[in-house]
K.L.:
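Below: one structure in structure tokens.
Since this is a predicted model, take the numbers as computed values, not measurements. Naming: A, B, ... by sequence-line order, numbering from 1 per chain.
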2 protein chains.
Amino acid sequence: MLEIAGDKAAPLSEQAILCLRSDILSGTLAPGLQLKLDRLKDHYGFSSSPLREALNRLAADGLVVIEDRRGFFVAPISIDDIREITRLRQLLEPEALSDSISNGDDAWEAQIISAHYRLERQEQRLKNNGASEKPFILDAEWADLHREFHRSLLAACNSPKLLHMRETLFYQAERYWHLWAMNHPAPPSRGSNHDRLRDAVLERDIVRSSDLLKNHISQTTEIVVKYLEQE
Amino acid sequence: MLEIAGDKAAPLSEQAILCLRSDILSGTLAPGLQLKLDRLKDHYGFSSSPLREALNRLAADGLVVIEDRRGFFVAPISIDDIREITRLRQLLEPEALSDSISNGDDAWEAQIISAHYRLERQEQRLKNNGASEKPFILDAEWADLHREFHRSLLAACNSPKLLHMRETLFYQAERYWHLWAMNHPAPPSRGSNHDRLRDAVLERDIVRSSDLLKNHISQTTEIVVKYLEQE
DNA sequence: GTAGAAAGAATGATCGATTTTTATGGTCGG
DNA sequence: CCGACCATAAAAATCGATCATTCTTTCTAC
């Protein structure tokens, strides 16, 4: 049976999730904002049913909070919150990474190399583009590739639940990075982190790569927290 | 539609969650079963909108899986799955417990003592009731009290996200306990586990209580896994 | 002038019907 | 007898309208 392109349109509720998540992560929908269905309907063109479905699922990811009979709100942000996210990422990601390194095969390695290469290329492109004053994270393409690189590192972990939890935390953290980046023209300039991480993982050095990963997570969070504190 | 009770009625979608979760945990809705909306509508009396909302939220808890355009299914069970649940519980629960022990105040201690007392009383009642051949977990009241006791131990942990993750895992594990219990007339007879756990926690002994908790988790899982393997 | 009640508007929650998509069963040509 | 193909039935997805609750504003009484 041949696969025809037209058939596989995702359900509207899925599309709504993508739109909403994207706008929440980018801050277009500000933290704390009430998400009124009428507004969303007008803005996105989805009807209320798929929107409610999307909002319910995003609530599970911690990007939306539900207050019974009062509606949906973009999850608020706080220093405590990003600290919590960081702590859990530091607990879960090394666990997943250790698994992944133990189980990964050639295809897994290849995927990592590929993802890293694409990420690096995009960084080069951005640097040359005169947009060099803009932090990478603000570029949607970079954000996708960055997410994909980190995912590839853990892809051989055989615990779907662990990966899922880790993914929701990653999304939650991304929102803070955006927030920081929007107020900071200077790029983070910690480019070689990903290189070292990739190398340590490919060398199957669990201890070193876990440390690098934990440091990577800490560093990013510290930058964000410093910014939030001075607000 | 007459709603007699005052204004504090939960939304139908919330009620639907409770009904569905209860029936999934108890096995009334068997693992793997497709949850057709028409059937659910007839059986529970909710309309499709609240049902879909409930199913979406239960999917976030891992009790339901969604297949796009094909519907909702009760999450399947497997040995790998319970092992995964167990592994994550062993990772998260000690982390939360350590927090809780560090932060807990008198009210927290009192809550633990109270929850433990109520659990023990219910166990006594069940033992005397001639239903002594039935594992405790099959008694809905016991299951609630048991859940509450474990929750109380961790209640002083200051990471809501951690507690939430831990809670979803606990629910997922409960389903396996039920499954085992339905095929085993003999009670588990590991009664003093909870006593020791309570004492260690109240003594603020993080190491010992973490060990006890991890053992408690392992023991239960091993029983379940042994049962599943012989199937 | 202010508190409290009540009307009105806004919005979430729910429903029943309609539209799309998937599953099923039967027929035909090989 | 097997597999591709169509027709039909089943079910999910979606929609637009209605119902119920919460929020806002207005009005009245003190």
K.L.:
Take the protein atom CG of A:Leu12 and the nucleotide atom P of C:dT19, then report the distance between them rounded to whole Å.
P.N.:
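Rounded to whole Å, this separation is 15 Å.
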K.L.:
In this structure, which stretches of DNA chain D are paired as stems of three or more consecutive Watson-Crick or G-U pairs, both distances less than 3.5 Å?
P.N.:
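Paired runs of 3+ in DNA chain D: C:1-30 with D:1-30.
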K.L.:
Mind jotting down which residue pairs meet the side chain to side chain donor-acceptor pair (under 3.5 Å) criterion with at least one end in residues 23-45 of chain B? Sequence neighbours excluded, please.
P.N.:
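Sorted pair list: B:Asp23-B:Tyr44, B:Ser26-B:Thr28.
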K.L.:
Is the distance between the ring centroids of B:His146 and B:Phe136 less than 6.0 Å?
P.N.:
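They do not qualify: ring centres at least 6.0 Å apart.
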K.L.:
Give the rounded distance in Å between these two atoms: CD of B:Gln15 and P of D:dA20.
P.N.:
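That distance rounds to 15 Å.
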K.L.:
Pick the nucleotide of DNA chain D nearest each of A:Pro11 and A:Asp68; which residue has the one closer to the 5' end?
P.N.:
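Here A:Pro11 is the residue nearer the 5' end.
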K.L.:
Take atom CD of B:Glu14 and atom P of C:dG12, then tell me their distance rounded to the nearest Å.
P.N.:
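The answer, rounded to whole Å, is 16 Å.
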K.L.:
Enumerate the residue pairs fulfilling salt bridge (Lys or Arg N to Asp or Glu O under 4.0 Å) with a member in residues 137-146 of chain A, sequence neighbours excluded, ordered by first and then second residue.
P.N.:
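As it turns out, the salt bridge (Lys or Arg N to Asp or Glu O under 4.0 Å) pairs with a partner in residues 137-146 of chain A, which skip direct neighbours, are A:Asp144-A:Arg147.
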K.L.:
Quick check: closest heavy atoms across A:Leu33 and A:Leu29, and the distance to 0.1 Å?
P.N.:
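A:Leu33 and A:Leu29 have their closest heavy atoms at CD2-CD2, 4.0 Å.
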K.L.:
Going by the rule side-chain hydrogen bond (donor to acceptor under 3.5 Å, both in side chains), which residues pair with B:Asp68 if we only count those two or more places apart in sequence or in a different chain?
P.N.:
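B:Asp68 satisfies side-chain hydrogen bond (donor to acceptor under 3.5 Å, both in side chains) with no residue once adjacent residues are dropped.
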K.L.:
Under a 3.5 Å cutoff, is there a donor and acceptor pairing between the side chains of B:Ser152 and B:Gln111?
P.N.:
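There is no such pair (donor and acceptor under 3.5 Å, judged by atom type) between the side chains of B:Ser152 and B:Gln111.
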K.L.:
Whole Å only: how far is the CZ atom of A:Phe72 from the C1' atom of D:dT21?
P.N.:
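Rounding to the nearest Å, CZ of A:Phe72 and C1' of D:dT21 are 15 Å apart.
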K.L.:
Within this structure, what is the CD1-to-P distance between B:Ile66 and D:dA11, rounded to whole angstrom?
P.N.:
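Taking CD1 of B:Ile66 and P of D:dA11, I get 19 Å after rounding.
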K.L.:
Could you check which residues of residues 33-54 of chain B get a heavy atom under 4.0 Å from DNA chain D? Sort them by number, please.
P.N.:
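Heavy-atom contacts with DNA chain D come from B:Gln34, B:Leu35, B:Lys36, B:Leu37, B:Arg52.
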K.L.:
Look at the side-chain N and O atoms of A:Arg70 and state whether any lies under 4.0 Å from the OP1 or OP2 oxygen of D:dC23.
P.N.:
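Yes, such a contact exists.
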K.L.:
Would you check if there is a donor-acceptor pair between the side chains of A:Arg125 and A:Gln122 at a distance under 3.5 Å?
P.N.:
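Checked: A:Gln122/A:Arg125 side chains pair up, N/O donor to acceptor below 3.5 Å.
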K.L.:
Ring centroid separation for A:Trp177 and A:His184, is it under 6.0 angstrom?
P.N.:
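No, they do not, as the ring centres are separated by 6.0 Å or more.
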K.L.:
With sequence neighbours excluded, what pairs up with A:Arg198 under the side-chain hydrogen bond (donor to acceptor under 3.5 Å, both in side chains) test?
P.N.:
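For A:Arg198, the residues satisfying side-chain hydrogen bond (donor to acceptor under 3.5 Å, both in side chains) (neighbours in sequence not counted) are A:His116.
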K.L.:
Given atom CG of B:Leu55 and atom P of D:dA12, what is their separation to the nearest angstrom?
P.N.:
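Going from CG in B:Leu55 over to P in D:dA12 covers 10 Å.
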